Undergrad: 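Before anything else, here's the structure in question.
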Amino acid sequence: MRSRYCRQLQRALGFRFPLPTRRPLLFGPHRLMKPLVVFVLGGPGAGKGTQCTRIVEKYGYTHLSAGELLRDERRNPDSQYGELIEKCIREGKIVPVEITISLLKREMDQAMTANVQKNKFLIDGFPRNQDNLQGWNKTMDGKADVSFVLFFDCNNEICTERCLERGKSSGRTDDNRESLEKRIQTYLESTKPIIDLYEEMGKVRKIDASKSVDEVFDAVVKIFDKEG
Ligand code: UP5
Ligand code: MG
């Protein structure tokens, strides 16, 4: 419609001008500023969200928690995926990548539309399995660079205790012992192998996440001061 109008205008004016194109944002005006991504991984309750908040304050990244985006989508009454997302979250299963990627991509596009300079992203809790990784590679290959993987390493007992404690007030439907057992199982079976894969590529920056929030952040700072 728009291009038909432009062609009519070209004829009326008697000269040609470039027609507007409709490219997705990550290919469009921001193509010179490729998104730089740090994947933030670790077990449930390892402290990913807590540390990301601090990284944002100190280093100006945009924090995208895949889990938060899915929980928001679940709350959206117009979403066709609400039930599926809720079932996966409660069961500690991983939501199909098409849903997660579309949410992540939308947020990245919005952030870069608002400020083209803001191209540094912390993607928290993703990719969690092979399906996630393949979906990311298929959709984002060449359009975003993964700088490194920040891995918060914390044992299952501490992770469980933290989530149960948080569950007293979080309202999260997966902060209970039954869901936590499944979340940990999924983490060990599906997510840890993805971390191992990045480790083989020399891309993992591992942190002992069982220490206090401040001690963990001290280790985070050392990494970000070095990596940028
Ligand atoms: N806390 C944090 N750090 C501490 C420290 N050093 N010492 C003492 N206490 C500490 O922290 C958890 C709790 O511990 C908080 O109370 C905090 O104060 C305290 P938090 O920073 O929230 O940890 P985090 O690692 O973010 O834990 P979270 O529960 O968010 O991790 P999950 O990976 O389980 O949850 P997420 O939200 O990423 O995913 C939830 C579900 O969504 C998944 O199980 C899955 O079903 C689904 N999902 C997908 O399907 N696909 C995705 O890509 C992402 C999620
Ligand atoms: Mg979290």
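One-based numbering, in listed order, for ligands and for the atoms of each. Keep in mind that this is a model prediction, so the values were computed, not measured.
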Undergrad: For atom 2 (C) of ligand 1, what is the closest protein heavy atom, and at what distance to 0.1 Å?
TA: Thr50 OG1, 3.4 Å

Undergrad: Report yes if Asp175 has an N/O atom closer than 3.5 Å to an N/O atom of ligand 1; otherwise report no.
TA: no

Undergrad: Which of these, Arg162, Glu165, Glu68, has its nearest heavy atom closest to atom 13 (C) of ligand 1?
TA: Arg162

Undergrad: As an exercise, identify every atom of ligand 1 less than 4.0 angstrom from a heavy atom of Gly125.
TA: 52 (C), 53 (O), 54 (C)

Undergrad: Counting only heavy atoms closer than 4.0 Å, does ligand 1 sit against the backbone of Thr186, its side chain, both, or neither?
TA: neither

Undergrad: Quick check: does Arg71 get an N/O under 3.5 Å from an N/O on ligand 1?
TA: yes

Undergrad: So which protein heavy atom does atom 22 (O) of ligand 1 come closest to, and at what separation?
TA: Arg166 NH1, 2.8 Å

Undergrad: Answer side chain, backbone, both or neither: which part of Cys88 comes under 4.0 Å from ligand 1, heavy atoms only.
TA: backbone

Undergrad: Quick one: look up the protein heavy atom nearest atom 26 (O) of ligand 1 and list residue, atom name and how far away it is.
TA: Gly49 N, 3.0 Å

Undergrad: Rounded to the nearest 0.5 Å, what separation is found between the CG atom of Asp145 and the CE atom of Met140?
TA: 10.0 Å

Undergrad: Heavy atom of Arg172 under 4.0 Å from ligand 1?
TA: yes

Undergrad: What I want to know is whether Ala46 and ligand 1 share at least one N or O pair that is separated by under 3.5 angstrom.
TA: yes

Undergrad: Determine the sole option in Asp218, Asp225, Ile223 for which the side-chain contact (heavy atoms from CB on, under 4.5 Å) test with Val221 is passed.
TA: Asp225

Undergrad: Any N or O of Val95 that comes nearer than 3.5 Å to an N or O of ligand 1?
TA: yes

Undergrad: Give the residue, atom name and distance (to 0.1 Å) of the protein heavy atom nearest atom 34 (O) of ligand 1.
TA: Arg183 NH2, 2.7 Å

Undergrad: I'd like to know whether Met108 forms a side-chain contact (heavy atoms from CB on, under 4.5 Å) with Val37, so could you lay out the CA-CA distance, the side-chain angles of the two residues, the decisive distance to 0.1 Å, and finally the verdict.
TA: CA-CA 10 Å; Met108 289 168 79; Val37 171; 4.0 Å; yes

Undergrad: For atom 45 (C) of ligand 1, grab the closest protein heavy atom and report residue, atom and distance to one decimal in Å.
TA: Lys93 O, 3.3 Å

Undergrad: May I ask you to check whether Lys48 has an N/O atom sitting below 3.5 Å from an N/O atom of ligand 1?
TA: yes

Undergrad: Check the pair Ile89 / Ile85 against side-chain contact (heavy atoms from CB on, under 4.5 Å), numbers first and verdict last.
TA: CA-CA 6 Å; Ile89 287 181; Ile85 294 172; 3.7 Å; yes

Undergrad: Does ligand 1 have a heavy atom under 4.0 Å from the side chain of Val213, from its backbone, from both, or from neither?
TA: both

Undergrad: OH/Tyr59 to CZ/Arg54 distance, rounded to the nearest 0.5 angstrom?
TA: 12.0 Å

Undergrad: Closer than 4.0 Å to some heavy atom of Ile94 - which atoms of ligand 1 meet that?
TA: 50 (O)

Undergrad: Below 3.5 Å, N or O to N or O, backbone or side chain included: is there any such pair between Phe126 and ligand 1?
TA: no

Undergrad: Hydrophobic clusters here meaning ILVMFWY residues chained together by side-chain heavy-atom distances under 4.5 Å, can you tell me if Val38 and Val56 are in one?
TA: yes

Undergrad: At what distance is the nearest protein heavy atom to atom 43 (C) of ligand 1, and which residue and atom is it?
TA: Arg128 NH2, 3.6 Å

Undergrad: At a 4.0 Å cut-off, with the gap strictly under it, does some heavy atom of Gln51 reach an atom of ligand 1?
TA: no

Undergrad: Distance from Phe148 atom CZ to Arg205 atom CZ, nearest 0.5 Å?
TA: 6.5 Å

Undergrad: At a 4.0 Å threshold, what atoms of ligand 1 neighbour a non-hydrogen atom of Pro44?
TA: 31 (O), 32 (P), 34 (O)

Undergrad: Report the C-alpha separation of Val146 and Trp136 in whole Å, then their side-chain angles, then the decisive distance to 0.1 Å, and conclude whether the side-chain contact (heavy atoms from CB on, under 4.5 Å) test is met.
TA: CA-CA 11 Å; Val146 178; Trp136 172 269; 3.8 Å; yes

Undergrad: Among protein heavy atoms, which lies nearest atom 48 (N) of ligand 1, and at what distance?
TA: Leu70 CD1, 3.4 Å

Undergrad: Does Phe39 have its ring centroid less than 6.0 Å away from the ring centroid of Phe121?
TA: no

Undergrad: Quick one: pull up OG1 in Thr113 and NZ in Lys118 and give me the separation to the nearest 0.5 Å.
TA: 13.5 Å

Undergrad: Any non-hydrogen atom of Ser179 lying under 4.0 Å from ligand 1?
TA: no

Undergrad: Can you find an N/O atom of Gly42 closer than 3.5 Å to an N/O atom of ligand 1?
TA: no

Undergrad: Roughly how far, to the nearest 0.5 Å, is the CD atom of Gln110 from the CZ atom of Arg106?
TA: 6.0 Å

Undergrad: Carefully, step by step, assess Asp208 and Ser210 under the rule side chain to side chain donor-acceptor pair (under 3.5 Å).
TA: CA-CA 6 Å; Asp208 178 358; Ser210 63; 2.7 Å; yes

Undergrad: Between Glu86, Glu83, Glu68, which is the residue that forms a salt bridge (Lys or Arg N to Asp or Glu O under 4.0 Å) with Arg74?
TA: Glu86

Undergrad: State plainly whether one hydrophobic cluster holds both Phe126 and Met201, where clusters connect Ile, Leu, Val, Met, Phe, Trp and Tyr through side-chain heavy atoms under 4.5 angstrom apart.
TA: yes

Undergrad: Go through ligand 1 atom by atom and flag the ones less than 4.0 Å from a non-hydrogen atom of Thr100.
TA: 53 (O)

Undergrad: Nearest 0.5 Å, what's the OG-CD1 distance between Ser190 and Ile94?
TA: 4.5 Å

Undergrad: Tell me which protein heavy atom sits closest to atom 23 (O) of ligand 1, plus the residue, atom name and distance to 0.1 Å.
TA: Gly47 N, 3.2 Å

Undergrad: Which atoms of ligand 1 are found less than 4.0 Å from any heavy atom of Gly43?
TA: 25 (O)

Undergrad: Can you name the closest pair of heavy atoms from Ala111 and Thr62 and give their distance?
TA: CB-CG2, 4.4 Å

Undergrad: For ligand 1, indicate whether the residue Ser212 contacts it via side chain, backbone, both or neither (heavy-atom separation under 4.0 Å).
TA: backbone

